[in-house]
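Remember, it's a predicted structure, so these values are computed and weren't measured experimentally. So that the names make sense, note that chain A is the first sequence line, chain B the second, and so on, each numbered from 1.
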Protein chains: 2
Amino acid sequence: MTKPRSRRGGGRPTIADVARKAGVGAITVSRALREPGRVSEDLRRQIQAAVDELGYLPDPNARALASARAEVFGVLVPSLTNSVFAEVLRGIYDSLSDSSYRIQFGNTHYSGLEEERLLQVFGPQRPAALIVAGIDQTPISRRLLETAGCPVVQVMETGPDPVDMMVGFSHLDGGRAATEHMIEMGYRRIGFIGARMDPRSQRRLAGYRAAMEAAGLFDARLVTTTPVPSSVTLGRELFRDALAKMPTLDGVFCNNDDIALGALFECHRASIAVPKTIGITGFNDLDMMEVAFPSITSIRTPRYEIGRLSVAMALAAIAGQRPQDPVVDLGFELRCRESTAR
Amino acid sequence: MTKPRSRRGGGRPTIADVARKAGVGAITVSRALREPGRVSEDLRRQIQAAVDELGYLPDPNARALASARAEVFGVLVPSLTNSVFAEVLRGIYDSLSDSSYRIQFGNTHYSGLEEERLLQVFGPQRPAALIVAGIDQTPISRRLLETAGCPVVQVMETGPDPVDMMVGFSHLDGGRAATEHMIEMGYRRIGFIGARMDPRSQRRLAGYRAAMEAAGLFDARLVTTTPVPSSVTLGRELFRDALAKMPTLDGVFCNNDDIALGALFECHRASIAVPKTIGITGFNDLDMMEVAFPSITSIRTPRYEIGRLSVAMALAAIAGQRPQDPVVDLGFELRCRESTAR
DNA sequence: ATGGCAGATGGTAGCGCTACCCATAACGTC
DNA sequence: GACGTTATGGGTAGCGCTACCATCTGCCAT
């Protein structure tokens, strides 16, 4: 009569239970929880008491269905092995841990197809916001993002044509700055070694090339790359390859810090003096660069900050505050260290 | 008349649209999608055609509400900076990417309170399974896990009293094995240096102590620890502290590989011969241990495999297949390298 | 011929919440 | 004193899906 069916949910209190106990309507409970300002002080207290007593927790699934909006941030990164993305994720996480938003994440494995698949999985859920790494989405992914009906933040890079918002920095400028630094320090036969060669790596390479050409130093044989995923081990191998191909090498700009570390270790092993015989520059400035012996010059990238700011922008957009400039360039910083101090 | 209200959802096709187009009942569409075996070949084809034509995607929120079960795996890890957990996450992710399960993750920051909060956020959503790192949950967290109404896998460690299932290895045995190896290699004044000192680090320390005591070598002044989060930088500092405290040190077993790398770099910097003057052993066996110069002895831990197996066990449990043994010890492996080859 | 039973399909009634609209009271304003 | 206007609360009707039960068909055993 009262309960036509044993409750499927397993007997957890519902909003109706709270409403009954507090002697108010269910809607008022809903409002008291979501927009306390619209409910009088008295009722709010009464309702809070009922909530506490019953241990009521709103059902996020019912909420999502009724409001056509899930309290979920979807986050797409291309890799979990690469600690750079772990840091972005950490920034995202830390900025969201006060809120009731949950984080759902997807690993695209640097694949456009996989990214499309994941967007198709995330979309129907109507997430509160989407944060995706990179700016080179496939046309299908782009359309999925545009029609997602929620704020979208592309992170890690900036570019001219945001789907919605962007937070990042210029990899091309970073690559150029690193290379110019080495040229300034007197290196001439500067190699580029890079793994994975995703779009961001490509742009770092382009920056390297621009700097080298501007100085009249570019030589295609100085470039050693592979699509294989980056690792310290691979860094060592690539460095050996580069040196074999070009024995007069006097410096290397590495795609990232893992590669740089591998190169450094190989120098140790082969008794090549760093920075005297060969200079080394990394990219990202992981913690270990400072500590390495010799310490390694690198480009500090604002990974954690990118995560934090992307969330801040998304939350502002959810609250209806569109930023004046949807594209934010957080820049980077050259950290000169022993490995290029000739 | 037909549509009493403009559709809140924004006009995406619903199951009713598919049913109408295929000329069947909504329930049959639902069944065709979830348990194809229970629908005749003919209708299945018809329904599939309608689904394709409309581009129908089921609404996961509605599904979750109606079935009191969300297609979500909740994953709780204590850190994102520590690449060990990134690897576990990767294993979890890779095992789930074929399925329609989504992954929601939480970062407990090594805090029991934060873990409780996150479980309280995850619970009401009725996830399909929960994967949590560690076995030292607070009583409240434990109860939340027990009453979650879904499979629970505790990962990274094994222990006697699983909430439900466990996948991991013995950190105590790992610590002991590393220490015994150093003793065998002729080291005597072996220090332990450790950061963070979470429960797993504590057990590695206990293993170290057991081995040292068994050999009559233990001395409390050999132990240098800090609750500060681990990093390569910190490894260097701790190593210096340890050496200052105990100048006769002839070896160190490091809490983890970051610390070991910091110690190695400090040895380079201070011109301390490794492995001759001081031996170094790490823990986890990250990629870089093999490449370092000298290469660093470490304990290989099955991080990725833990992630994969935890998902496999959870999926089996969801399918109703309880494992014969709910606790799986994946073991570890000592990798002897140059840093302890005296 | 009857009953029974399995397999295939459909109808009804929610799951727990919120959007939308309405009711009421307490104040003004002119 | 009629008419807003604001603040506060409630009722109704779904959101899109699935659990539960009913129905219908065909086929076998009796």
Side-chain angles (χ1 to χ4, degrees), chain A residues 1-20 22-47 51 54 56-71 100 123-126 149, chain B residues 1-20 22-47 51 54 56-71 100 123-126 149:
Chain A
M1 193 171 291
T2 37
K3 288 183 185 174
R5 186 197 318 188
S6 77
R7 190 177 273 152
R8 290 210 279 246
R12 257 207 287 251
T14 73
I15 203 171
D17 298 328
V18 176
R20 207 172 308 122
V24 300
I27 256 43
T28 309
V29 175
S30 175
R31 265 199 288 260
L33 263 34
R34 291 179 306 136
E35 346 169 50
R38 292 198 43 193
V39 175
S40 70
E41 179 76 28
D42 272 11
L43 279 195
R44 220 184 312 158
R45 245 201 310 273
Q46 243 169 279
I47 290 169
V51 165
L54 292 171
Y56 169 73
L57 288 169
D59 181 328
N61 299 133
R63 206 171 241 197
L65 177 60
S67 65
R69 188 57 64 206
E71 287 199 291
S100 60
Q125 185 184 194
R126 301 168 182 288
Chain B
M1 193 170 296
T2 36
K3 289 185 185 171
R5 186 197 318 187
S6 77
R7 191 177 275 155
R8 290 210 279 246
R12 258 205 286 252
T14 72
I15 202 170
D17 297 328
V18 176
R20 206 172 310 120
V24 299
I27 258 42
T28 308
V29 175
S30 175
R31 266 198 288 260
L33 262 34
R34 290 178 306 136
E35 347 169 50
R38 293 196 42 192
V39 175
S40 70
E41 180 74 27
D42 271 13
L43 281 193
R44 221 182 313 158
R45 245 200 311 273
Q46 242 168 279
I47 291 169
V51 165
L54 293 171
Y56 169 72
L57 288 169
D59 180 329
N61 299 134
R63 207 171 239 198
L65 178 59
S67 64
R69 188 59 61 206
E71 286 200 292
S100 60
Q125 185 183 191
R126 302 170 181 287

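You'll find the side chain of B:R44 stays beyond 4.5 Å of the side chain of B:I47, heavy atoms only.
We find that CZ of B:R12 is positioned 14 Å from C1' of D:dC17, with the value rounded to whole Å. Between the C1' atom of D:dC15 and the CG atom of A:D59 lies a distance of 13 Å, rounded to the nearest Å. B:R20 has its CZ atom 14 Å from the P atom of C:dG10, to the nearest Å. Atom pair A:N61:CG and D:dC17:P shows a separation of 14 Å (rounding to whole Å applied). With rounding to whole Å, B:R44 atom CZ is found 14 Å from C:dT9 atom C1'. D:dC15 atom C1' lies 16 Å from atom CD of A:Q125, rounded to whole Å. Between the C1' atom of D:dA7 and the CG atom of A:D42 lies a distance of 14 Å, rounded to the nearest Å. Look at CD1 on B:I27: it is 16 Å from P on C:dC15, rounded to the nearest Å.
Using a 4.0 Å cut-off, no side-chain N or O of A:S30 falls inside it from OP1 or OP2 of C:dC17. Under 4.0 angstrom from either OP1 or OP2 of D:dG16 there lies no side-chain N or O belonging to B:R63. The phosphate of C:dA19 (OP1 or OP2) has no side-chain N or O of A:R69 nearer than 4.0 angstrom. An OP1 or OP2 oxygen of C:dT9 is reached within less than 4.0 angstrom by a side-chain nitrogen or oxygen of B:S40.
In this structure, of C:dC15, C:dC17, D:dG10, it is C:dC15 that holds the atom nearest to the side chain of B:A66. Across C:dG10, D:dG16, C:dT18, the shortest atom-to-atom separation from the side chain of B:T28 is found for C:dG10. In this structure, of D:dG9, C:dT18, C:dC15, it is D:dG9 that holds the atom nearest to the side chain of A:L43.
Looking at which nucleotide of DNA chain D each of B:P58 and B:R38 is closest to, the 5′-most match is held by B:P58. Mapping B:R31 and A:A16 onto DNA chain C by nearest heavy atom places B:R31 closer to the 5' end of the strand.
Between B:R12 and A:G123, the shortest heavy-atom contact is NH2-O, 3.8 Å.
Put simply, the side chain of B:R69 gets close to the backbone of B:R126: a donor and an acceptor are under 3.5 Å apart.
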Query - Chi angles and distances behind the side chain to side chain contact (heavy atoms under 4.5 Å, CB included) call for B:D59, B:T14 - result: CA-CA 8 Å; B:D59 180 329; B:T14 72; over 6 Å; no
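Scored by the salt bridge (charged side-chain N to carboxylate O under 4.0 Å, His left out) test, A:R31 finds no partners at all (sequence neighbours excluded).
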